[in-house]
Amino acid sequence: MTLWSGRLSTPMAGTLWELSESYSFDHVLYHHDILGSKAHVRGLERAGLLTADECRILLDTLDLIEGEFASGLFVRAESDEDIHTAIERRATELAGDVGAKMHTARSRNDQVATTLRLFTLDALGDVAAATLELIGVLEEVGERFPEAYLPGYTHLQRAQPVLLTHHLHAHAWALLRDVDRIADARDRMSVSPLGAGALAGTSLSIDPAFTATLLGFNEAFANSMDAVSDRDFVAESLFDLAMIGVHLSRMGEELVLWTSAEFGFATLGDEFTTGSSMLPQKKNSDVAELARAKSGRLVGNLTGLLVTLKGLPLSYNRDLQEDKEPLFDSLRQVVLVLAALAGAYRSIDFHSDRARAAADDQFLVAIDIAERLVGTGVPFRQAHERVGRLVAEALSRDVSFEQVVAEQPELSTYSDVFGSGQAVRSRTSPGASGPLAQMQQRDRLRAAIAAASARVS
Ligand code: ARG
């Protein structure tokens with residue numbers, strides 16, 4: 001029997017059933033759906049629509065059903081179209097007419113919106129925790145190699161040396177913004193749609209603010225039509241997840257480069273690499289490649305949902321059921337990548353010698369010489385031009401840059417800039433890549449991590 005057997009006389013066509021059933025993927029919402037139903041039932045009692053006894057029977061029944069799901073003993077009936085119908089059907093089986101009262105003053109439209117918000121609030125909390133974990137690992141890796149430095153790149157051309165900690169912290173700051181974005185999204189989605197009914201509310205005297213409080217939402221909806229049709233919170237979550245995916249993808253690409261023989265800056269632990277079925281010597285950074293690759297489907301999930309939402313008339317439309325699979329997929333993929341990358345970074349061996357040799361590339365101090373000239377009153381543009389010519393001269397004569405600089409009488413006292421690590425030590429401006437600035441940055445990062453953790457815990 002369907003929920004609408006009073007109205008429609010023939011059973012649903014098999015092909016429509018296949019197309020429209022959502023239990024196969026939305027059963028994962030059981031816990032949050034039951035939370036929503038328990039609050040609804042208490043709201044019905046408060047409104048005088050259920051007796052205290054009926055309320056208690058329903059709460060016990062819902063607990064029992066939760067137990068069935070948790071232990072894997074819940075049996076889906078053939079007619080269970082989605083998680084909501086499955087739970088209501090089972091409640092009616094267990095509690096008879098009292099079970100049949102549970103859906104009073106409620107529609108699946110406000111129910112699914114409530115359930116999905118509760119689920120998403122929790123799931124994003126898990127993503128934030130996993131993101132903070134990876135941020136912690138980046139800090140740990142930096143602390144393991146406190147003196148290490150490497151070339152910083154622009155256009156993937158060697159630019160200026162940077163401390164490894166500075167480099168890793170750059171990723172940490174990006175991930176920290178992701179955590180903050182999740183906190184913002186959670187604040188915005190903390191609005192209960194329960195009580196909006198199908199779209200227009202109800203003639204029965206329910207109190208949406210009461211159930212909103214029971215469920216821990218910040219507030220109840222203001223407009224019942226908006227409440228059942230709004231999936232901004234899913235789109236926003238998908239954006240936040242895609243943004244994390246993009247950050248992880250960039251980190252993955254960097255690990256691919258670092259672990260190549262050409263860079264040779266790092267090796268991942270064997271447990272985070274794969275071999276080749278044919279080439280015996282291979283050690284591949286698949287973890288980094290998959291981190292890079294997953295961003296594609298994360299962006300796809302966001303794009304897909306936005307296209308689904310575009311052009312939908314108010315209020316609920318069945319199209320909205322298509323919100324779940326992309327959301328579930330993005331949540332799962334992001335958590336998988338966060339955990340695997342955390343492990344991969346934890347296993348990293350950073351080859352400080354090799355990175356130092358690359359960062360001590362003499363041309364990387366060209367700017368230091370120009371800045372010395374600026375210190376003597378030479379306008380920067382002229383200093384830049386002058387040093388640029390010396391670089392070109394070294395290249396055309398095929399002699400070292402240091403030698404060409406030493407040959408210039410007024411630059412002959414600048415030889416100390418060529419000292420190993422000198423260029424990174426002299427990056428002292430606030431937020432710069434040198435050790436002094438780095439210490440201040442570390443304090444600021446730790447404070448930001450504590451603030452972000454507090455927002456999402
Ligand atoms: N399973 C549906 C969804 O996820 C909820 C049911 C609302 N369906 C309906 N025909 N009003 O959106």
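Any value given below was found using the heavy atoms of this structure, including those in side chains, with hydrogens, waters and symmetry copies removed. One-based numbering, in listed order, for ligands and for the atoms of each. If you read the sequence from its start, that first residue is 1, and numbering goes on from there.
Ser433 places no side-chain N or O within donor-acceptor distance of the main-chain N or O of His166, the cut-off being under 3.5 Å. A donor-acceptor pair is defined here as one N or O able to donate and one able to accept, closer than 3.5 Å; such a pair exists between the side chain of Glu54 and the backbone of Thr51. Side chain of Asp110 to backbone of Leu194: no donor-acceptor contact under 3.5 angstrom is found.
Of the candidates His40, His103, Glu88, His103 is the only one forming a side-chain contact (heavy atoms from CB on, under 4.5 Å) with Gln111. A ring pair (Phe, Tyr, Trp, His ring centres under 6.0 Å) with His167 is found for exactly one of Phe145, Trp258, Phe350, namely Trp258.
Ranked by closest heavy atom to atom 8 (N) of ligand 1, the top entry among Tyr23, Phe25, Tyr316 is Tyr316.
Within ligand 1, counting atoms from 1 as listed, the ones closer than 4.0 Å to a heavy atom of Lys324 are 3 (C), 4 (O), 12 (O). When each atom of ligand 1 is checked for a heavy atom of Ser22 under 4.0 Å away, the hits are 1 (N). Taking every non-hydrogen atom of Asp82 and a distance limit under 4.0 Å, the qualifying atoms of ligand 1 come out as 1 (N), 2 (C), 5 (C), 6 (C). Close approach of ligand 1 to Arg108 (heavy-atom distance below 4.0 Å) involves ligand atoms 6 (C), 7 (C), 8 (N), 9 (C), 10 (N). Proximity to Gln321 (heavy-atom distance under 4.0 Å) selects the following atoms of ligand 1: 1 (N), 2 (C), 3 (C), 4 (O), 12 (O).
Nearest to atom 11 (N) of ligand 1 among the protein's heavy atoms is Asn109 OD1, 2.9 Å.
Phe210 carries Arg46 over the face of its six-membered ring, with the cationic atom under 6.0 Å from the centre and within 45° of the normal.
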